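This report refers to the structure that appears directly beneath it.
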Amino acid sequence: MITQFIGDVLSYEFLRNAMIAAILVSTLTGVFSSVVVLRKIEFIGDGAAHATFGGIAFGLLLGANYIVMAALTAVVFAVAVSYFTRRNRLSESSVIGMLLPLSMSLGVIALSFVRGYTPDVMGLFFGNILLVTAADVWLLAGANLGAIIFFSLFFREILYYAYDEKMARHYGVPVAFVHYGTLIGISLSVVSSVKIAGIILVTAFLIIPAVSARLLARSLRSMISISVVLGVTASVLGMFFSYVLNMPPGPVIVVLLFVQFLAILSVKKLLGSKEND
Amino acid sequence: MERDRVLQVEDLTYKIGSAWILRGVSFSLSRGEFAGIIGPNGAGKTTLIKAIVGDLSDYSGSIKVTGRVGYLPQNPERSRDFPISVREVVAMGLYKENGPFKRFSKSEWNTVDTLLKTTGIEGLGRRRAGTLSGGEYQRLMLARALASNPELLILDEPEAGVDEMGKSSFYRLLEKLKNEKNMGILMVSHDIGMVFEACDTIMCINKTLHCHTSADMISPEQLKSAFSTDLDLFIRSRDHFEREHSV
């Protein structure tokens, strides 16, 4: 079964693209998920993912590249949330709670005006492996490269921003730059992952690996590495199980990510209680 | 004396809407001086500290700081499982000197280790910061504040979350640092007994500066004007302190 799966991955372009894309989504979201979880901005990632629906719908309505429109919407959403929160002293969850349904509603309204072919909305929500093209793989590779450069150049700054934003600012860390850089990175991660994971499930990629990794990591570097390893493992296994059991890969990967979390939590609790005995 | 001055605050005034938070506060602090700021809740103590460390800008009056400032904030950020080591937290205090796009050098890491030793938490450098006890964590925050080798050290309620034993040894450490490094120390605290014990000068604040004098020269009238309704509590604390020290 495994040999046949590997053979098919090597033979069929769509399966190959899907496999590479799944791995690249895991590495990209694995890198950003650590900051999302440590800074407790999970809701922004979720909101940006949902906001992409509005961008995609308007892209279809205007005949523009809908991935570019989705990227723009996600970035504008994340920056707008941060701007309203910081400048107007509104709570972050209130602003997201307003902007998220607004973007979804505008998306539905825009879709109702689209004449002729409209893409499979369920595919947008839950991901569709058949939608992945070579261009998407290149987009993900580019996003990964951007993330690696950002984290390599500003690792210390990201660490201090995530640990204590107020004191990081006091010590001269360019907090605003790191904050908005992170938000843009999260938004672009979301957009480049939508075809694999879908608008709804991409949040799982942005949260679960880092939550699991946090249980084990002693440093931010190790947390990011563990997140990436967990994400890639879940993606490869998820692709295999979805192939064997004929199930959609996005949801299977998400279930495996959660199983990993439960397993790590259980082992940690078990070891903890033994240490206490 | 003028050249030893590390902080000069002149006519500092801050308002939110029509409410006065601070009004016409003036004082100075010199090297080797340990000043305690006391006052009731909402007196403007933390606002004063924020203005001095640069976290507040829309005030009137002037604040002149000579040299570097080390700052230990009120309720510093703390998460038990945040993956950051004790050494990395202390190194944060060196960021301004080191600057962006760089890594900390070997000598900077040596400075970090020396600071851990100075503050009595050597051997904990590799530990996750959040796993330290309340007293150890406060010393970690102090080590970070000392990283830039400041001439002025500012502490905002450093006793929060620390037990009595921890508080005493923390204040002894501050006293030692003041003498060894000849720095000026400005501390906001609700622990009035300890302030009287540790500080050379006391400032009573309640929107305005009601007194600024040596610890044994404060009059009940000055305290009454600063503390109003909290006066009874204050006097009891002070009496308790005096009784303990007259034995």
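Throughout, protein chains are lettered first and strands after them, A, B, ... in sequence-line order, and every chain is numbered starting at 1. These figures come from a predicted structure and were not determined experimentally.
Annotation: maximal heavy-atom pairing with chain A below 4.5 Å, among B:V89, B:D55, B:L94, occurs at B:V89.
If you measure heavy-atom distances from B:R126 to chain A, the contacts under 4.5 Å come from the backbone alone. A:M223 touches chain B through its side chain: at least one heavy atom from C-beta onward sits under 4.5 Å away, while N, CA, C and O do not. Of the atoms belonging to B:S79, it is side-chain heavy atoms, and not backbone ones, that fall under 4.5 Å from chain A. Interface remark: B:A91 contributes backbone and side-chain atoms alike to the contact with chain A (heavy atom separation under 4.5 Å). Using a 4.5 Å cut-off between heavy atoms, B:E88 touches chain A through backbone and side chain atoms alike.
Judged purely by distance below 3.5 Å, without hydrogens or angles, the side chains of B:S148 and B:E97 never pair a donor atom with an acceptor atom. Residues B:E151 and B:T66 bring no donor and acceptor atom of their side chains to less than 3.5 Å of each other.
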Check your understanding: Hey, mind stepping through B:K178 and B:E175 against salt bridge (charged side-chain N to carboxylate O under 4.0 Å, His left out) and telling me if it holds?
Key -> CA-CA 5 Å; B:K178 183 196 81 171; B:E175 184 72 23; 3.5 Å; yes
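Side chain of B:R31 to main chain of B:N182: a donor-acceptor pair is present (N/O by atom type, distance under 3.5 Å, no hydrogens or angles). Although no hydrogens or angles enter the test, the distance criterion places a donor-acceptor pair under 3.5 Å between the side chain of B:D200 and the main chain of B:F34. B:R127 places a side-chain N or O within 3.5 Å of a backbone atom of B:T131 that can act as its donor or acceptor partner.
Among residues at least two apart or in separate chains, there is no ring-ring contact (aromatic ring centres under 6.0 Å, His included) pair with a member in residues 215-235 of chain A. Pairs of residues two or more places apart, or lying in two chains, that qualify as ring-ring contact (aromatic ring centres under 6.0 Å, His included) and include a residue from residues 57-77 of chain B are A:H170-B:Y71.
The contact list for residues 110-122 of chain B toward chain A, using heavy atoms and a distance under 4.5 Å, is empty. Of all residues in residues 147-163 of chain A, those placing a non-hydrogen atom less than 4.5 angstrom from a non-hydrogen atom of chain B are A:L153, A:F154, A:R156, A:E157, A:L159, A:Y160, A:A162, A:Y163.
Side-chain contact check for A:I23 versus A:V232: some heavy-atom pair is nearer than 4.5 Å. Within the 4.5 Å cutoff, no side-chain heavy atoms of B:V188 are placed close to those of B:L48.
One finds no salt bridge joining B:K45 and B:E157 here, because no Lys/Arg side-chain nitrogen approaches an Asp/Glu carboxylate oxygen to under 4.0 Å.
Here the closest non-hydrogen pair linking A:A234 and A:L257 is CB-CD2, 3.5 Å.
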